[in-house]
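A short worksheet on the structure shown next.
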Amino acid sequence: MSMIDSIMAGLALVGNVEALVSLAIGIVIGVIGGAIPGISATMAVALTLPFTFPMQPINGILLLLGVYKGGIFGGSIPAILIKTPGTPASSATVLDGHPMAAKGEAGRALGMALWASCTADLISNLSLILLAGWLASFALSFGPPEFFALILFSLTIIAGVSGESLLRGALAALLGLLLATIGLDLVYGTNRFTFGHPNLMGGLNFIAVLIGLFAIPEVINMVWHPTGHMGKVQTLGNKWVTFAEYKRCFRSIVRGSFIGVFLGSIPGIGAAPAAFLSYSEARRKSPNKANFGKGEIEGVAASEAGNNGVAGATLIPLLALGVPGDVITAIIIGAFMVHGLQPGPMMFVMNVDIIYGLFIGLIFSSGLLFIVGGLAIRGFKPVADIPKRILMPIVLVLCIYGVFAVNNSIFDVAVMFVMGWVGFVMTRYHIPAAPFLIAFILGPLLEDNFRKSMLMSGGAPDILLRGPITWFFWALTLLAVVAIARGTLDKAREKS
Amino acid sequence: MSKRAIQLQLGIGACAACLFLILYAIPYWISAPSNIRNIVLSPRFWPYAIAGLTGLVGLGMLFANRKPDEDDAPVNDPIEDPGAGLIRLAGMAVLMAVTFWLLPRIGMVWAAMLAFAALAFLVRTRHPKTALICALVVPLLLYGFFAHVAGVAIPQGDYVRLP
């Protein structure tokens, strides 16, 4: 199929009202979810996932991508108005956004956040379109040893940079890998931790685990500390962002977008580090350096560009390699699986219409985000006023229905409840959930590729180093471990 | 809990989990054919590798924790009354267990209504009337969507059946 044919096939899939409405609804849900502290973009995507079951695959995935993009922008609204980031990715936006709101310039800060977000989103989507196909065609030559080395590299990065400590990240990843071993053995079909229970033979349901891990701990947290969410909402003020201000910040926005694209395309790094790096680069290069942290509009632009630049780029490893770039794309992989699709290089061969449909939909999403975001800024007050102690019971009921609907299984509801407690304990012990979930998803793939490699070589481990691609990923893994360990040691030395 | 205490507990926990897995869980709870020629192809190999790495991470945590940390401040946000908090957590555990038990017996809609109301009460909502209305409406709306749009067979229970 030629490029033009692929684009036409994609257009045929998304060039209808249903697809655009799905995308728009997704963005609305995402902006609202991201704007409510405690819901976050991740939880919004997880809770929306079960509603995509009766939809066409492309519409369902577009809905979730809309939630993702809307959620990342939505997180900036409470970050600016109530000094509470709606998503971790918006933490850097608080630094200058809230001081601006305190000066009565919340409307100006939110306007800039929206413009920067949409620009970065567009740049990120274009990067995805340019890079994903190229990477996928390269990955078509991967065999089991190459995939094993790639997944190992991804897990190392995810474990190393997701939390405050490399060891806690590694522990989370190992727990995820261990949980993934439950079920029948991939080669011999023997029982592993199934206790003879038929519900455990297929392994734990991925959606029950992820909803349990990301939504239920918030409910339990609310039970533990029912008044921990109170905050004072600032007014929007009369000032609005001007085109001259956007032009002044444009360089920082573009730089931040590319930082987001670069960090987003590496599995595991995510939006928050990109936002902070973009912010610090903008501060370093800005003539208004001294004003950063006191309400500098360029600071808001840079951090929002950084976190939104990640949104499209995290789909590069997901679509091209089948490796989720962060937790949200790990959830989105669930939507692909539910609809019988397997992201990865083969998808560019087998389902190229869906790939191009997604690309076209993503381009539309930047424009829709601009419209929905503009309305959301003005309509935030009622969203902020939704009582959290009504919202959390709604979340609980949504989780019960959503998880049951995947397999019509009450057992899955029990798995979700148990995983909720696991997630709560992990939060209390500051163990990052992202490496746990991603290791749980990639665990069977990692083991499968390892055992296939061993079968190919008759048990000789040197197959894992069979060519330049495996050498490249092993070298990257080693480099990542050394860099992360060195960073941890330096931090410890600084403290002492 | 301070950072040091967390690290210590996690380190000990990881080492204990490693020993439990290697000495008991893997040999007894994973069955492997007896005629496997290569150890790396055994269904037990991967879990053993994970268990071993967990032990190493645990030891790493204990090793990293050997120096006393000057900053012994608690890392989690304090709450007003931890005792009441623990009682609420126990209440939440009971709520989940009862909901799970009720799901096949009275049906998902009614169980979800009860769970909603109980949770709103547990978190001491300041809007009891709104909570009550939502407890009735939200599960019914979700039933409407999942049963009639998505075609999911929502459990109806033994008593009151919905159309």
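Reminder, nothing fancy here: chain letters follow the sequence lines and each chain counts from 1.
Annotation: the span from A:Leu171 atom CG to B:Met61 atom CE amounts to 5.0 Å, rounded to 0.5 Å. Note that CH2 of B:Trp29 is 10.5 Å distant from CD1 of A:Ile182, once rounded to the nearest 0.5 Å. The CG atom of A:Asn191 lies 5.0 Å from the OG atom of B:Ser31; values are rounded to the nearest 0.5 Å. The CZ atom of A:Arg389 lies 11.5 Å from the CG atom of B:Leu122; values are rounded to the nearest 0.5 Å. In this structure, the separation between OG1 on B:Thr99 and CD1 on A:Ile400 is 5.5 Å, given to the nearest 0.5 Å. We find the CE-CH2 distance between B:Met92 and A:Trp224 to be 14.5 Å, quoted to the nearest 0.5 Å.
Side chain of A:Thr190 to main chain of B:Ala32: no donor-acceptor pair is present (N/O by atom type, distance under 3.5 Å, no hydrogens or angles). Distance alone, capped at 3.5 Å, places no donor-acceptor pair between the A:Tyr188 side chain and the B:Pro43 backbone.
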(message) As a quick check of understanding, evaluate ring pair (Phe, Tyr, Trp, His ring centres under 6.0 Å) for A:Phe51 and B:Phe146, giving each step before the final call.
(response) CA-CA 8 Å; A:Phe51 291 93; B:Phe146 282 106; 5.2 Å; yes
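Top candidate by heavy-atom pairs under 4.5 Å with chain B, chosen from A:Thr194, A:Thr181, A:Ile394, A:Val187, is A:Ile394. For chain A, the option among B:Ala17, B:Pro33, B:Ala117 with the highest count of heavy-atom pairs below 4.5 Å is B:Pro33.
Residues A:Leu178 and B:Leu21 form a side-chain contact, since some pair of their non-hydrogen atoms from C-beta on lies under 4.5 Å apart. With a 4.5 Å cut-off on side-chain heavy atoms, B:Arg88 and A:Pro226 count as touching. By the 4.5 Å heavy-atom criterion applied to side chains, A:Arg192 and B:Arg44 are not counted as neighbours. Residues A:Leu446 and B:Trp46 are in side-chain contact: their nearest non-hydrogen atoms beyond the backbone lie under 4.5 Å apart.
When all heavy atoms are compared, the tightest approach of A:Gly458 to B:Asn38 is O-ND2, 3.5 Å.
Looking at B:Leu95, only its side chain comes within 4.5 Å of chain A, counting heavy atoms on both sides. Residue contact with chain B, scored on non-hydrogen atoms closer than 4.5 Å, is absent for A:Pro461.
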